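Each remark here refers to the structure printed beneath this line.
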Amino acid sequence: MAARARRHAVVTGGGRGIGRAIAAALTAGGDAVTIIGRGEPALIDTVKSGQAMAYAIADVTDEPALAQALKQAASASGPIGIMVANAGGADSAPFLKTSPEQFRRMFELNVVGVVNAARAVLADMIAHRFGRIVAVASTAGLKGYAYVSAYCAAKHAVVGLVRALAIETAGTGVTVNAVCPGYTDTDMTRESVQRIAEKTSRSREDAIAALLKDVPLKRLVQPEEVAALVLYLCSAEAAAVNGAALAIAGGEI
C-alpha cells in the first residue's frame with residue numbers, strides 16, 4: 001500500500017472499544033488523530049497511551065457542541081480530512097416493550113450523531129477536494145436481530161444515509177462508506193453476554209456461543225480487525241470505494 005499523506009483524523013467515541021482501536025490504527029499510520037467522546041478519563045488515557053494526539057469532550061447528539069469541538073480541533077491541528085463516526089449504542093428489549101422514546105433515543109445516538117459529524121466536516125472536505133467519512137454501523141444495519149428492533153432500525157438508517165451521501169459527493173474527492181462489524185470483543189458485547197448469562201443461568205462461554213451460533217468463524221471480531229478495514233477505507237487506494245457497507249463478521253453475512 002502506498003504511503004499516505006498525513007491527515008487530521010477525528011474519531012467519535014474514540015476512548016474505548018472499536019473507536020480506540022481505530023484511533024490507534026490511524027495514529028500508527030501517521031495521521032494526527034483527535035478523539036471525541038463524553039467520558040474524559042478514557043479519552044485522557046487514550047491520548048496518554050499515544051493512541052491519539054488530542055481529545056475533545058462532546059456529545060454527538062448535541063450538534064452545536066460537536067460543531068464547536070470540531071472547529072477547535074481543526075484550528076489546533078489543521079483541516080479534518082478523515083471523519084470516523086463511531087459513537088453509538090444499543091438498547092435491548094422485545095419490540096412490544098420498546099417505547100417510541102427508545103426508538104427516538106437510538107436514532108438520535110446512532111443516526112443523528114453520524115449526521116452531525118458529517119455535516120460539520122463535509123463542506124471543508126469538498127473545498128479541499130479530499131475527505132474520508134466512515135460510519136461504524138453494524139451487521140444490524142444489514143440484517144435483523146430479535147430484541148434490538150430500535151437498534152436495527154437505526155443502523156439500517158445509517159447504511160441508507162451512507163449510500164445516499166456517497167452519491168451526492170461522488171467526484172468531489174470525498175468518499176462515504178460504512179463498516180458493519182458483527183459481534184466484536186467490546187464492552188457492549190461483554191454487557192450483552194453478561195445479560196444472557198444472568199437471564200439463562202448459562203456460563204459466559206455458553207452465552208458467547210449462543211451469540212455466535214450463526215457465525216461460521218465461531219469467535220468474536222477483534223476491534224483491531226475493524227480498525228484495519230477503516231484504515232484501508234481512508235487510504236488513497238480506496239478512492240473508488242464509495243457508498244459501501246462492508247461486513248466484518250466472520251462469515252455471518
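For clarity, every value in this text was computed on a predicted model and none was experimentally measured.
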So [Y] and [X], do their side chains get closer than 4.5 Å, heavy atoms only?
| X | Y | answer |
| --- | --- | --- |
| Val47 | Ile35 | yes |
| Leu231 | Leu26 | yes |
| Val148 | Asp91 | no |
| Leu122 | Val174 | yes |
| Pro41 | Leu43 | no |
| Met125 | Ile133 | yes |

Could you list the donor-acceptor pairs under 3.5 angstrom formed between side-chain atoms of residues 242-253 and any protein atom two or more places apart in sequence or on another chain?
unit_1, atom_1, unit_2, atom_2, d
Asn242, OD1, Val176, N, 2.8
Asn242, ND2, Ala166, O, 3.1
Glu252, OE1, Tyr145, OH, 3.3
Glu252, OE2, Lys143, NZ, 3.1
Glu252, OE2, Tyr145, OH, 2.6

Heavy-atom pair with the smallest gap, counting every atom of [X] and [Y]:
| X | Y | value |
| --- | --- | --- |
| Ala137 | Val158 | CB-CG1, 4.1 Å |
| Ala21 | Glu224 | CB-N, 4.0 Å |
| Ile36 | Ala69 | CD1-CB, 4.4 Å |
| Leu165 | Ala118 | CD2-CB, 4.2 Å |
| Val111 | Ala154 | CG2-O, 3.3 Å |
| Met106 | Tyr151 | CG-N, 4.1 Å |

Presence of salt bridge, Asp31 and Arg6, under 4.0 angstrom: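 The answer is no: the pair does not qualify as a salt bridge.
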
Is a salt bridge present between Asp45 and Arg20, judged by a nitrogen-to-oxygen distance below 4.0 Å?
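Salt bridge: yes.
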
field: Flag, side chain of Asn177 to backbone of Ala135, donor-acceptor distance under 3.5 Å
entry: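 Not a single qualifying donor-acceptor pair exists.
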
So, does Arg132 use its side chain to make a donor-acceptor pair with the main chain of Leu233 at under 3.5 Å? yes

Side chain to side chain donor-acceptor pair (under 3.5 Å) partners for [X], two or more places apart:
| X | answer |
| --- | --- |
| His156 | none |
| Asp185 | Arg190 |
| Arg119 | Glu63 |
| Glu198 | Gln194 |

Not counting sequence neighbours, which residues clear salt bridge (Lys or Arg N to Asp or Glu O under 4.0 Å) with Arg38? List them please.
->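 With sequence neighbours excluded, Arg38 shows a salt bridge (Lys or Arg N to Asp or Glu O under 4.0 Å) to Asp59, given in chain and number order.
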
Hydrophobic cluster membership, [X] vs [Y], 4.5 Å side-chain cutoff:
| X | Y | value |
| --- | --- | --- |
| Val121 | Val33 | no |
| Tyr232 | Val230 | yes |
| Val179 | Val241 | yes |

Self-check item: Val11/Ile22 under side chain to side chain contact (heavy atoms under 4.5 Å, CB included): CA gap, chis, key distance, verdict
Solution: CA-CA 8 Å; Val11 182; Ile22 292 169; 4.0 Å; yes

Sequence neighbours left out, what passes side-chain contact (heavy atoms from CB on, under 4.5 Å) with [X]? Give chain and number order.
| X | value |
| --- | --- |
| Asp206 | Arg202, Ser203 |
| Ala120 | Leu70 |
| Thr98 | Ala93, Gln102, Phe103, Ser149, Ala150 |
| Thr186 | Ile18, Thr184, Met188, Thr189, Pro223 |

Quiz item: Which of these, Leu229, Leu142, Val226, Val136, sits in a side-chain contact (heavy atoms from CB on, under 4.5 Å) with Cys180?
Solution: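 Of all the options given, the one that passes is Leu142.
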
Tabulate below the donor-acceptor pairs under 3.5 Å that side-chain atoms of residues 208-222 make, not counting sequence neighbours, or state none.
unit_1, atom_1, unit_2, atom_2, d
Lys218, NZ, Leu212, O, 3.1
Lys218, NZ, Lys213, O, 2.9
Arg219, NH1, Glu225, OE1, 3.2
Arg219, NH2, Glu225, OE2, 2.7

Any side-chain donor-acceptor pair under 3.5 Å between Glu101 and Ser99?
no

dist Thr172:OG1 -> His128:NE2 (nearest 0.5 Å) comes out at 13.0 Å

Donor-acceptor list for residues 72-87 side chains, cut-off 3.5 Å, not counting sequence neighbours:
unit_1, atom_1, unit_2, atom_2, d
Asn86, ND2, Thr12, O, 3.2
Asn86, ND2, Gly13, O, 3.0

Begin with the C-alpha distance, continue with both residues' side-chain angles, and end with the deciding distance and a verdict on side chain to side chain contact (heavy atoms under 4.5 Å, CB included) for Met53 and Thr27. CA-CA 8 Å; Met53 181 187 67; Thr27 297; over 6 Å; no

